[in-house]
Protein chains: 2
Amino acid sequence: MEVNGSRKRETYHHGALREELVEACVRLIEAEGIAAVSLRRVAREAGVSPGAPYHHFADRAALLSAISARGFELLTQDLLGAVGRRGTTSGGDEVARTVAAYVAFARRQPGHFQVMFRPELSEPEKHPAVQEAGDAALQVLTELVGRLGVADPHALGLTLWATGHGLAALALDGLLTQKAETWDTDPDDLLARAVGQIGRSVDALTGLPGETRQHEA
Amino acid sequence: MEVNGSRKRETYHHGALREELVEACVRLIEAEGIAAVSLRRVAREAGVSPGAPYHHFADRAALLSAISARGFELLTQDLLGAVGRRGTTSGGDEVARTVAAYVAFARRQPGHFQVMFRPELSEPEKHPAVQEAGDAALQVLTELVGRLGVADPHALGLTLWATGHGLAALALDGLLTQKAETWDTDPDDLLARAVGQIGRSVDALTGLPGETRQHEA
DNA sequence: TCTCCAGTCTGAGCAGTGTTCAGATTATGA
DNA sequence: TCATAATCTGAACACTGCTCAGACTGGAGA
C-alpha cells in the first residue's frame, strides 16, 4: 500500500531527495502511524533505492531527528504567535492561549509531534539540533511565565510544558475523544474548558499572597 | 551483551516462562531502553528459543500489552494509596500528593511506564485489558476531583492526568535533570515545587467564585 | 503403573528491516 | 573538456517478527 505512488523518475539523480524523504516520512507517520515507518519504506515512497537515503542521513535516527528539530521550530513559531497576540486581558489568558496553541500544533502536525516526544527514536543526545530546537520552544514558555511575576516561574514553566504536552498526547492517542464520549461531552469543548481552567488557575496563582510569601521566608 | 546471562535450563519445559518473559522484557527496557526490545532478544534473555514466546503471547504487542496492563494496575494501587492517606489539610494537598505519586511511580517503574503511554506499541484497541486498567487508574483521579466540588471536574481531571503524565515523561526523558541544571536547582526539588504549585492552584480554583458562576449560567 | 495427549519447546524457514559497500551515473567547477 | 565529487543502484550481511512441523514431557485417565 503506497501512500504516494512512488512514481518513477526519468533522471538518475533525484534533485531534492533530502526534502522528499522528510516529507514522505511525515506523510507516512500521519497515514499509518510511527510503527509503519521504515527507512526502506520511506525510500520506496520517494521512488528511490534502499541505500539512497544514507547519502542524506547517517541513519534512521538522523532522519527522525531532522523531523523532530523541524517540528520544534514550527512549534516555537506557533507559541510565539500565541504569546504575541493582542487583546490580552490577563496573564492567565496568555497562558491559556499558549497552551491551546501547543495542543493545536500537535493536532495540526501530528507527524512531527509524534516524533518530537519520543527521544528513543531521534536519539537527541547524538543530535544536538533537536535539543536546541526543543530548548527554544520551552524558552518561549519560560519567558512568558517570567513576565507573570509568579514566585516560582521555573516550576510553573515546567508544569505548563508538561500539561500542554500531556493534553496534546491525550488528544493524539484518542484518549480525549474516548473520555469525552464517556462523559457525554464534545472533545473540543472539553479541551477548551481544560485550557481555560489552566488560565484561571494561573491567574489565581499570581494573585495568591501565599505564593510570594514562600520565597520571602 | 546479556542483561541476565541466559543460563541454560536442565529441564525441557521452562515452568514459568510467561512470567520470566515479562520480567526479562521489563528488565531490558530499564537497562537499554525500549528500542532494544525484540522478542528474540527477550527469548534469549529467558534462555529459550525464538519461537517459544508465541505459546504465551500472540505477538510482540501482546507481551507489551501485558506489561502495560500490569503497569496500570500498579499505578492504580499507588494512586489509591496517595488518595487514601491521612492528614489531608486541603483538596489541593490531596491532589498534589496524587500527582506526586504518579510521577514517583514513573520513576520507580520506568520499564512499565515507558510502555503504558506508547499506544502504538501495545495496540490497546486489540487488547481491551490495557484500556480497562488505564480507565481504572484515571478513575481514581476523576473521583478525587469529583470530591473537590470544582465546577468542571472533567476538565480538571483531564488536566491533572495530562500534567502528571507530562511531568513523569519529562522526568524519564532526562529533560527534568537537564532543565534543573540550566536553572541551577535540584531536579527533585524542582519537581516537588511544581507539584506543590499544582496543589495550591487547585485550592485556588475551588475557592474561586468565577468557577462556580460558570455553571450557574 | 502404563498410555496417551495437550501443552510446551526447538530449530528451520520466510519476508521484512537497518546498514554497508562496490560500482554505475551524473552534476559541478576548474 | 574533463577530472572529481556527489548521488544513486543493487547486492549483501546480520538482525527482526512470525509460522510451522516435529521433538519432548507433565499429568490425567485407564
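Naming: A, B, ... by sequence-line order, numbering from 1 per chain.
Between C/dG11 and B/Ser49, no contact under 4.0 Å exists linking OP1 or OP2 to a side-chain N or O. When the side-chain nitrogen and oxygen atoms of A/His56 are compared with OP1 and OP2 of D/dC8, one or more of them lie within a distance under 4.0 Å.
Looking at B/Ser68, its side chain never comes within 3.5 Å of a backbone N or O of B/Leu64 through a donor-acceptor pair. Counting only distance, with no hydrogens or angles, the side chain of A/Arg40 and the backbone of A/Pro50 share no donor-acceptor pair below 3.5 Å.
Between C/dT8, C/dT17, D/dT9, one nucleotide has an atom nearer to the side chain of A/Val48 than all others, and that is D/dT9. The side chain of B/Leu17 lies closest to C/dC9 when the candidates are C/dC9, D/dG10, C/dT17.
Each end of the helix from C/dT1-D/dA30 to C/dA30-D/dT1 gets its own rotation axis from five pairs of C1' atoms, and the angle between them is 10° to the nearest 10 degrees.
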Check step by step if side chain to side chain contact (heavy atoms under 4.5 Å, CB included) holds for A/Gln114 and B/Glu120. CA-CA 11 Å; A/Gln114 287 185 63; B/Glu120 83 276 7; 5.8 Å; no
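Atom pair A/Arg41:CZ and C/dG16:P shows a separation of 12 Å (rounding to whole Å applied). Computed from coordinates, the A/Phe57 CZ to D/dC8 P distance equals 12 Å when rounded to whole Å. Between the C1' atom of D/dA6 and the CZ atom of A/Arg18 lies a distance of 15 Å, rounded to the nearest Å. For the pair B/Arg9 CZ and D/dG26 P, the computed distance is 12 Å after rounding to whole Å.
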At under 4.0 Å between heavy atoms, which parts of nucleotides 19-30 of chain C does protein reach? Answer with one letter per nucleotide, 5' to 3': B base, S sugar-phosphate only, - none. BB---BBBS---
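A search for ring-ring contact (aromatic ring centres under 6.0 Å, His included) contacts involving A/His14 returns nothing, not counting sequence neighbours. Residues forming a ring-ring contact (aromatic ring centres under 6.0 Å, His included) with A/Tyr102 (at least two apart in sequence, or on another chain): A/Trp161. Considering only residues two or more places apart in sequence or on other chains, A/Arg107 meets the salt bridge (charged side-chain N to carboxylate O under 4.0 Å, His left out) condition with A/Asp188. The salt bridge (charged side-chain N to carboxylate O under 4.0 Å, His left out) check on B/Arg18 picks up nothing, with sequence neighbours excluded.
A salt bridge links B/Arg193 with B/Asp189: at least one charged nitrogen is closer than 4.0 Å to a carboxylate oxygen. A/Arg70 and A/Glu73 are joined by a salt bridge, as a carboxylate oxygen and a charged side-chain nitrogen come within less than 4.0 angstrom of each other.
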